[in-house]
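Take a look at the structure set out below.
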Amino acid sequence: MAQVGLEHLTKEFKGPGRERIRAVDDACLAVDDKELLALVGPSGCGKTTTLRLIAGLEEPTAGAITINGQAVNGLPPKDRDVAMVFQHYALYPHMSVYDNMAFGLKLRHFPSAEIAQRVKDTAQILDLAACLNRRPSALSGGQRQRVALGRALVRRPGVFLLDEPLSNLDAQTRLQMRAEISRLHARLGSTMVYVTHDQVEAMTLGHRVAVMDDGRLQQVAAPIDLYQRPANFFVAGFIGSPPMNFFEGTLLGKGNALVFQESTSKDAAAPNPFTVRLDDTSAPFLRDYLGKRVVFGIRPEHITCSPALAETPSERVLETVVEMVQPLGSETYLHLAGHAHSVVARVRAADRFNIRQAVSLSFEVRQVHFFEPASRKAIV
Ligand code: ADP
Ligand code: MG
């Protein structure tokens, strides 16, 4: 059993000009026993530093780390019941797979019978049993990655910390390894913190996903909740591919209805800004923003595209021109221009659109998100 807690955890580094770099900024998080928590964010946001703090490889500047409710600040890495798989793992090239996996246990003076048993069991789990006598150079990328995992697994720690373990594999192997890690987690029943910069990987692996940006945890939630109810502008734009479309504008009252009116663009080539009449269910919580500037967000799958209408377009409709067509086989992404900025819509593969074709867009108004421009927080 192993729970991990971060309590107002902060880590500052000194930069080259002695300036302070806040790599982790007041992080609070509780990872449950047996949970697989995915920690995701862009490069440089503080993911590796967070893992290294949990592992005991860095000293926090402020705050605490707990494992099973006990503060572990100051406890050396070897006494933390934690094993980390590093992003740039290096296998010992002159050692066999067996010796690579046994190395950590030998250092810890495990009896050789125990080492042999653990390496054998772990190799079985990782499908490496047939490779134990090989050198790393005689393995595929996926197999090497499994040996790196195996080195951590043989220790049977309560907590696994994985730092972008699949980032140097090709796309196909990555998909396969992702599924293996998921199965492995279910089989081991250990607590895992899985770091990745890939939001798809985070969403497909994590029981919950913690999104980080600029040292700060932005939101921690189940994948679907994160997608459907992003807490702020950053999460809304980071989770989902292609990303959410954003428009700036103002909320206005028109009779009893509430409408979003897009800001006029300085670009003379852009057509008239669009107006969307909002759903009555979203109206109550938006009333406070009447007359104020807001950011309107809509995901590509909540836009309906139809060949341009001859008659005057109704409200909620946006006139655009197809700029790029990206067929994926199962679905197609349309990049649509002729507006303040390009809009991306997801359409069925069977619906054929051509470049330069005029297309009318309408929005599913129940699926619209709003954000406060200053705080960048979602308006809910
Ligand atoms: P990520 O893993 O999300 O890419 P890191 O945790 O590696 O991010 O880094 C977060 C920030 O801290 C970056 O700005 C990085 O340059 C800085 N940083 C990390 N380690 C050190 C260090 N040892 N000394 C100075 N700055 C560091
Ligand atoms: Mg990193």
Side-chain angles (χ1 to χ4, degrees), residues 4-29 31 36-65 72-74 76-77 80 82-91 141 144-145 148-149 151-152 159-169 174 177-178 181 191-206 208-221 223 226 230-241 243:
V4 179
L6 310 186
E7 292 169 10
H8 300 284
L9 190 65
T10 296
K11 176 67 185 177
E12 283 181 353
F13 292 108
K14 281 251 171 27
R18 302 192 60 75
E19 76 281 13
R20 276 192 267 175
I21 300 168
R22 199 166 262 223
V24 178
D25 189 1
D26 198 31
C28 295
L29 178 65
V31 188
L36 200 174
L37 181 99
L39 176 61
V40 68
S43 181
C45 74
K47 305 181 295 296
T48 296
T49 306
T50 305
L51 283 197
R52 291 176 58 82
L53 284 162
I54 299 171
L57 301 168
E58 300 283 357
E59 279 283 304
T61 308
I65 297 153
V72 295
N73 294 34
R80 289 195 182 195
V82 161
M84 182 158 166
V85 178
F86 296 91
Q87 180 176 11
H88 303 289
Y89 67 88
L91 303 178
R144 276 179 224 171
Q145 186 61 62
L149 280 174
R151 286 197 302 199
V159 184
F160 277 104
L161 306 172
L162 296 112
D163 193 3
E164 313 218 22
L166 310 184
S167 57
N168 37 23
L169 299 177
R174 217 155 79 194
M177 284 295 295
R178 204 190 280 167
I181 285 178
T191 308
M192 273 191 191
V193 182
Y194 186 100
V195 159
T196 174
H197 64 268
D198 178 345
Q199 53 99 15
V200 176
E201 194 160 287
M203 296 282 281
T204 49
L205 267 178
R208 286 186 306 158
V209 178
V211 183
M212 199 169 189
D213 183 41
D214 202 15
R216 295 194 78 99
L217 283 176
Q218 304 289 317
Q219 188 173 5
V220 185
L226 211 56
N232 60 39
F233 186 76
F234 177 82
V235 176
F238 190 77
I239 300 290
S241 172

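Whatever order the structure lists them in is the order used to number ligands and atoms, beginning at 1. These values consider heavy atoms only, across backbone and side chains, with no hydrogens, waters or symmetry-generated copies.
Residue Thr49 places at least one N or O, backbone or side chain, under 3.5 Å from an N or O of ligand 1. At under 3.5 Å, a nitrogen or oxygen of Lys47, whether backbone or side chain, sits near a nitrogen or oxygen of ligand 1. Backbone and side-chain nitrogen or oxygen atoms of Gly46 are examined, and one is located within less than 3.5 angstrom of a nitrogen or oxygen of ligand 1.
Less than 4.0 angstrom separates some heavy atom of Ala23 from each of these atoms of ligand 1: 10 (C), 11 (C), 12 (O).
Under 2.8 Å from the Mg ion (ligand 2) lies an N/O/S atom of Thr48, whether from backbone or side chain.
Distance screen at 4.0 Å: atom 16 (O) of ligand 1 has no protein heavy-atom neighbour inside the cut-off.
The nearest pair of heavy atoms linking Arg151 to Tyr89 is NH2-CB, 4.0 Å. Here the closest non-hydrogen pair linking Cys28 and Leu217 is O-CD1, 3.5 Å.
Interatomic distance, CG of Leu166 versus CD1 of Ile181, reported as 4.5 Å (0.5 Å rounding).
Side chains of Val31 and Val159 form no contact here, defined as non-hydrogen atoms less than 4.5 Å apart.
Looking only at heavy atoms of the protein, atom 1 (P) of ligand 1 is closest to Gly44 N, 3.5 Å. What sits closest to atom 7 (O) of ligand 1 on the protein, heavy atoms only, is Thr48 CB, 3.7 Å. Phe13 CD1, 3.3 Å is the protein heavy atom nearest to atom 27 (C) of ligand 1.
For Glu19, the CD atom is densely surrounded, since the number of other residues' heavy atoms within 6.0 Å is greater than 12.
Neither side chain, Gln219 nor Asn232, offers a donor N or O lying under 3.5 Å from an acceptor on the other.
Just one residue in the list Leu57, Val85, Asp163 forms a side-chain contact (heavy atoms from CB on, under 4.5 Å) with Leu51, and that residue is Asp163.
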